[in-house]
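Quick notes on the structure that follows.
Naming convention: chains lettered A, B, ... in sequence-line order (proteins, then strands); numbering from 1 in each chain. Quick note: numbers below take in every heavy atom, side chains included, and nothing from hydrogens, waters or symmetry partners.
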Protein chains: 2
Amino acid sequence: MAQHNKTKYAIMALLSEAPRTGYDIKKALEANEIYFWSESYGQIYPILHKLAKEGLAEKRKASTERHPNRTVYELTPSGRTELVEWLKRPAGTIPLRIELLLKLRYGHLIDPANCLKLIEDYRQGQVDDIERLERQLDKHSGDDIRDAYARMTLRYGIALKRALVEWCRGTVDELEALAESGAAESVKGGGGAPDGGFSCGVTLLQL
Amino acid sequence: MAQHNKTKYAIMALLSEAPRTGYDIKKALEANEIYFWSESYGQIYPILHKLAKEGLAEKRKASTERHPNRTVYELTPSGRTELVEWLKRPAGTIPLRIELLLKLRYGHLIDPANCLKLIEDYRQGQVDDIERLERQLDKHSGDDIRDAYARMTLRYGIALKRALVEWCRGTVDELEALAESGAAESVKGGGGAPDGGFSCGVTLLQL
DNA sequence: AACGACATGTAAACAGTTACATGATTCA
DNA sequence: TGAATCATGTAACTGTTTACATGTCGTT
């Protein structure tokens, strides 16, 4: 149960706009047509075959003079129905494994200078991403309803990354205060509370 | 290259606080001792075996009267060294596949009412998470340096989720405006721009 | 005797990436 | 001729979850 293979639906969604070949799909994803999704050929082709077998997409030899070996896939009515039904169902979330937080959680094992470096690198990455996302927003300023939805998804990324940049700022301050107060010497011993004390009782960070 | 198996380091980090059994590690992760990380037995035991083989952890039969079959693992000095070195290296990010955004990106295929429902469900989940994270913050109000680092990671989650709740608010407004303006009829035809127009040219959303 | 917590593991399946194999067309 | 792009695929590997198998200890 569970995992209704979301990647399958990402491919169907691309097919819903126009018939495409596996190669086209890869290109569309590389161009970030859906900027928060990626797939490799090793996924795309097998899924396309499966879609055809299930009657959700139709395989068609589409030989142009230029490229004789193209196989385009077109979403069938039943494929479109299944896609729409999936789109309507509540969106699931996935647990995140955030490397930065794992490192920061055990910050007491390394020098505060190293923690600061970690945060600063991370912050710079987020700042760069925000710039790219904002530039992209301008390219979706059209009236088309599809542009409006694209803008919403781009703003999700911007909102999220702006919040993280703010968090980085605050965390840097805190780390600097910690370093000055001298409380920040890295803990060498293995001790510490194995029971209680450091458990959280919250659900995993999910998006 | 690439993937230096982060999960291995998550386990080593837990071991750095105290020797533990595989069962203990699972329990610690379930209690969200590292609230943004999870693992299953199918991962834990093989990794523990590997750690022992590589000399990064030491396997020790620890039979209490109560439970005679415990095998605790203790981080060796070389294990500690490797962990610390990894902690110092810049944190990598991972591409996110956010189901909500995939659905919203193709919102034109479903009714605006469905989009609103999607967002509202998502918003509620984030609000609940924020509450849990905030309750948890209080439990880490100690002076211990480890508490300070735990607070930073919790605040990351809170900052992120608050931003998303704000985004949900704005998006709901926009969706309602869209619905009123009548521009929101779901697109039935397959048409649309297969080339250009909807590509983004940004890197994938990463954390 | 039955149940829940403690404890250790494996097998199978799934999701995803990387690297490889193959071959046509187009353009410099 | 050689490189880039178009095009389709497979094999191997990694990471991860789920379900299963097994057994002990303590409590009701």
| task | Measure up the B:Trp167 and B:Tyr122 rings against each other and bin them: parallel (under 30°), tilted (30 to 60°), perpendicular (over 60°). | result | perpendicular
| said: Can you confirm whether B:Asp138 is buried at CG, in the sense that more than 12 heavy atoms of other residues, nucleotides or ligands lie under 6.0 Å from that atom? | reply: yes
| Minimum-distance nucleotide to A:Tyr73 side chain [options: C:dT8, C:dT17, D:dG9] | D:dG9
| query | Is the shortest side-chain N/O distance from B:Gln43 to OP1 or OP2 of D:dG15 below 4.0 Å? | reply | no
| query | What's the NZ-C1' distance between A:Lys61 and D:dC6, to the nearest Å? | reply | 14 Å
| Can you tell me if A:Arg151 uses its side chain to pair, donor with acceptor, with the backbone of A:His140 under 3.5 Å? | yes
Side-chain donor-acceptor contacts of residues 37-44 of chain B below 3.5 Å, not counting sequence neighbours, with atom names and distances?
| from | atom 1 | to | atom 2 | distance (Å) |
| --- | --- | --- | --- | --- |
| B:Trp37 | NE1 | B:Glu39 | OE2 | 3.3 |
| B:Ser38 | OG | A:Arg97 | NH2 | 3.4 |

| said: Counting only side-chain nitrogens and oxygens, does B:Arg97 get under 4.0 Å of the OP1 or OP2 atom of C:dT17? | reply: yes
Between the protein and nucleotides 22-27 of chain D, list the N/O to N/O atom pairs that are separated by less than 3.5 angstrom.
none

| task | Please report, rounded to the nearest Å, how far the P atom of C:dA5 is from the CD atom of B:Glu30. | result | 11 Å
| request: Nearest whole angstrom, please: distance from the P of D:dG9 to the CD1 of A:Ile25. | output: 12 Å
| note | Whole-Å distance, B:Lys59 NZ to C:dT8 C1', equals 10 Å
| field | Pairwise 5' ranking along DNA chain C for B:Gly42 and B:Asp24, keeping only the more 5' one | value | B:Asp24
| query | Short question: side chain of A:Lys161, backbone of A:Asp128 - any donor-acceptor pair under 3.5 Å? | reply | no
| request: Name the closest nucleotide to the A:Thr21 side chain, picking from D:dG9, C:dA7, D:dA7. | output: D:dA7
| note | Considering only heavy side-chain atoms of A:Tyr23, the closest of D:dT16, C:dG9, D:dT8 is D:dT8
| query | Which atom names give the shortest non-hydrogen contact between B:Ala28 and B:Arg20, and what distance separates them? | reply | CB-NH1, 3.6 Å
| request: Provide, to the nearest angstrom, the distance between the OH atom belonging to B:Tyr45 and the C1' atom belonging to D:dC20. | output: 15 Å
| message | Is it the case that the side chains of A:Glu82 and A:Tyr9 hold a donor-acceptor pair, with the cut-off being a distance below 3.5 Å and no angle test? | response | yes
| query | Under 4.0 Å: is that the gap between some side-chain N or O of B:Ser38 and OP1 or OP2 of D:dT16? | reply | no
| Where each residue is assigned the nucleotide of DNA chain C containing its nearest heavy atom, which of B:Thr71 and B:Pro95 is assigned the position nearer the 5′ end? | B:Thr71
| field | Nearest-Å distance for atom pair CG/P, residues A:Leu51 and D:dT8 | value | 15 Å
| field | d(NZ, A:Lys26; C1', D:dT5) in whole Å | value | 13 Å
| note | Among the nucleotides D:dT8, C:dG9, C:dT17, whichever has the atom closest to the side chain of A:Tyr41 is D:dT8
| Interatomic distance where NZ belongs to B:Lys8 and C1' belongs to D:dT14 [whole Å] | 14 Å
| query | So what does B:Ser40 touch, heavy atoms closer than 4.0 Å: a base, only the sugar-phosphate, or nothing? | reply | base
| message | At 4.0 Å (heavy atoms only), tell me whether A:Gly22 reaches a base, stays on the sugar-phosphate, or touches nothing. | response | sugar-phosphate
| request: Without swapping roles, check the side chain of A:Asp24 against the backbone of A:Thr21 for a donor-acceptor pair under 3.5 Å. | output: yes
| A:Lys27 side chain: which of D:dT8, D:dC6, C:dT8 is closest? | D:dC6
| Considering only side-chain heavy atoms of A:Asn5, which listed nucleotide, C:dA15, D:dG9, D:dG15, is closest? | C:dA15
